[in-house]
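Read the structure below first, then the notes.
Computed from a predicted structure; not experimentally measured. Residue numbers start at 1 and run along the sequence shown.
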Amino acid sequence: MPALPRTVVAAALVVSGCTSTVSGVAGPATRPGHEPPELPARQRELPLRDADPCALLTSAQLDQLGENGAPRRLPEDSLRDGPTCAFDVDARPPTYTYYLEVIGNADIEDWRTGAHRRTSMVQQPVAVPGFPALVNYAPSEGIQDCETLVGVASGQTLRAQMAPDDRSFTQQQLCDMATNVAKLAVQTLETLK
């Protein structure tokens with residue numbers, strides 16, 4: 001996944017309503033079918049069982065992200081792995097939705113080497129201080145959603161996903177934005193524990 005100059009990423013985040021950027025990628029992307037990337041060890045446990053995904057972003061963080069409606073909890077039968085909240089940014093184009101999901105029964109290793117691993121996905125480690133984390137997306141001709149998975153505790157994973165409504169973003173921008181939301185949610189989760 002080619003890196004964009006910081007000014008391009010920062011400009012895209014400002015245009016989209018974000019005022020912070022993501023600090024770097026921890027290692028190279030794996031191509032579909034290749035060995036999974038190595039991730040750093042978890043430095044501390046940050047359990048998220050019973051956490052409300054709609055409460056993982058503060059009002060100030062939602063303002064920073066440009067979220068303009070009430071966070072909405074997705075139905076439990078929505079084909080997700082855990083409770084999920086949607087945060088819409090749709091007051092003006094480009095429009096998109098962030099999703100935060102708390103997965104209390106699957107470790108990040110499940111996406112690297114276990115039951116959730118899909119050999120068709122591109123995986124790339126990202127820096128989320130203190131935790132193993134990776135971006136995960138399907139390569140295609142068009143731009144796809146991007147998710148950032150953070151191994152916050154043994155057997156527990158936080159998933160942040162960025163889903164655009166159109167093709168206004170590059171794949172790198174989507175992944176940077178998902179990682180930014182994951183970092184913000186981890187910051188909030190740390191204050192709740």
Side-chain angles (χ1 to χ4, degrees), residues 9-10 12-14 16-26 39-76 78 80-91 95-111 124-137 145-164 169 173-193:
V9 173
L13 292 172
V14 169
S16 68
C18 296
T19 57
S20 66
T21 59
V22 176
S23 61
V25 172
L39 299 178
R42 184 180 304 106
Q43 295 176 5
R44 61 194 177 281
E45 294 284 312
L46 193 58
L48 53 68
R49 283 196 181 103
D50 301 322
D52 178 0
C54 291
L56 291 182
L57 294 175
T58 66
S59 295
Q61 290 169 333
L62 292 174
D63 288 345
Q64 176 183 347
L65 294 169
E67 196 271 347
N68 57 289
R72 54 190 168 84
R73 185 82 175 256
L74 298 186
E76 294 296 325
S78 65
R80 295 283 183 160
D81 292 308
T84 305
C85 192
F87 303 86
D88 298 313
V89 180
D90 58 5
T95 62
Y96 48 92
T97 302
Y98 291 112
Y99 296 94
L100 277 177
E101 183 175 358
V102 294
I103 304 167
N105 60 357
D107 194 86
I108 192 167
E109 288 299 312
D110 291 346
W111 280 267
Q124 186 173 12
V126 290
V128 175
F131 301 97
L134 59 86
V135 294
N136 197 40
Y137 65 91
D145 298 0
C146 188
E147 64 184 11
T148 298
L149 301 155
V150 184
V152 292
S154 179
Q156 300 176 48
T157 303
L158 174 70
R159 180 188 343 233
Q161 182 181 6
M162 198 320 205
F169 303 97
Q173 289 168 326
L174 294 177
C175 293
D176 287 347
M177 293 167 79
T179 301
N180 185 51
V181 168
K183 286 181 174 184
L184 293 174
V186 166
Q187 289 171 6
T188 301
L189 191 58
E190 287 177 320
T191 68
L192 299 176
K193 300 299 176 186

Backbone of D90 reached by a side-chain donor or acceptor of T95 within 3.5 Å: no
Which pair of heavy atoms, one from C175 and one from V135, lies closest together, and at what distance? CB-CG1, 4.1 Å
Heavy-atom closest contact (P129 atom, R44 atom, distance): O-NH2, 3.7 Å
Closer than 3.5 angstrom, by distance alone: can the side chain of T157 be matched with the main-chain N or O of A106 as a donor-acceptor pair? yes
Rounded distance (nearest 0.5 Å) linking atom CG of L62 with atom CZ of F87: 6.0 Å
Distance from C146 atom SG to N136 atom CG, nearest 0.5 Å? 7.5 Å
Check: E101 side chain, G82 main-chain N or O, donor-acceptor pair, under 3.5 Å: yes
Student check: side-chain heavy atoms of V181 and L65 closer than 4.5 Å: yes
Testing the basics here: between A178 and A160, what is the closest heavy-atom pair and its distance to 0.1 Å? O-CB, 3.5 Å
Please examine the side chains of W111 and I103, heavy atoms only from C-beta on, and report whether any two atoms are closer than 4.5 Å. yes
Walk me through it: do V186 and L46 pass the test side chain to side chain contact (heavy atoms under 4.5 Å, CB included)? CA-CA 9 Å; V186 166; L46 193 58; 4.1 Å; yes
For A51 against V102, the heavy-atom pair lying closest together: O-CG2, 3.5 Å
By salt bridge (charged side-chain N to carboxylate O under 4.0 Å, His left out) - contacts of E109 (at least two apart): R112
Main-chain N/O of G151 paired with R42 side-chain donor or acceptor, under 3.5 Å: yes
Any chance you could lay out the side chain to side chain contact (heavy atoms under 4.5 Å, CB included) test for L134 and V126, step after step, and finish with the verdict? CA-CA 5 Å; L134 59 86; V126 290; 5.6 Å; no
Can you tell me how far apart CD (Q124) and CG (L39) are? Round to the nearest 0.5 Å. 11.5 Å
Testing the basics here: between A185 and L158, what is the closest heavy-atom pair and its distance to 0.1 Å? CB-CD2, 3.8 Å
With a 3.5 Å distance limit and no angle check, can you tell me whether T188 reaches the backbone of L56 through a side-chain donor-acceptor pair? yes
Do Q61 side-chain atoms and T58 backbone N/O form a donor-acceptor pair below 3.5 Å? yes
Is there a side chain to side chain contact (heavy atoms under 4.5 Å, CB included) between D52 and R73? Walk through the geometry before answering. CA-CA 9 Å; D52 178 0; R73 185 82 175 256; 3.6 Å; yes
Rounded to the nearest 0.5 Å, how far apart are OH of Y99 and CD of E147? 13.0 Å
Checking the side chain of Q156 only, and the main-chain atoms of N105 only, is there a donor and an acceptor separated by less than 3.5 Å? no
Any residue meeting salt bridge (charged side-chain N to carboxylate O under 4.0 Å, His left out) with D81, in chain and number order, not counting sequence neighbours: R159
Under 3.5 Å: donor-acceptor pair, side chain of D107, backbone of G155: yes
Shortest non-hydrogen contact between P164 and F169, atoms and distance: CB-CD1, 4.0 Å
Which is it for Y137 and T148 under the side chain to side chain contact (heavy atoms under 4.5 Å, CB included) test, yes or no, and what are the steps along the way? CA-CA 9 Å; Y137 65 91; T148 298; over 6 Å; no
Distance check, rounded to the nearest 0.5 Å: C85 atom SG versus R72 atom CZ? 8.5 Å
Rounded distance [0.5 Å steps], CD1 in I108 versus CZ in F131: 11.0 Å
Given side chains that start at C-beta, do those of T97 and V89 come closer than 4.5 Å, heavy atoms only? no
Residue pairs passing the salt bridge (Lys or Arg N to Asp or Glu O under 4.0 Å) test where at least one lies in residues 124-135, sequence neighbours excluded: none
Tell me if a side-chain donor or acceptor on K183 pairs with a main-chain N or O of A127 at a distance below 3.5 Å. yes
Are side-chain heavy atoms of T84 and L100 found at a separation under 4.5 Å? no
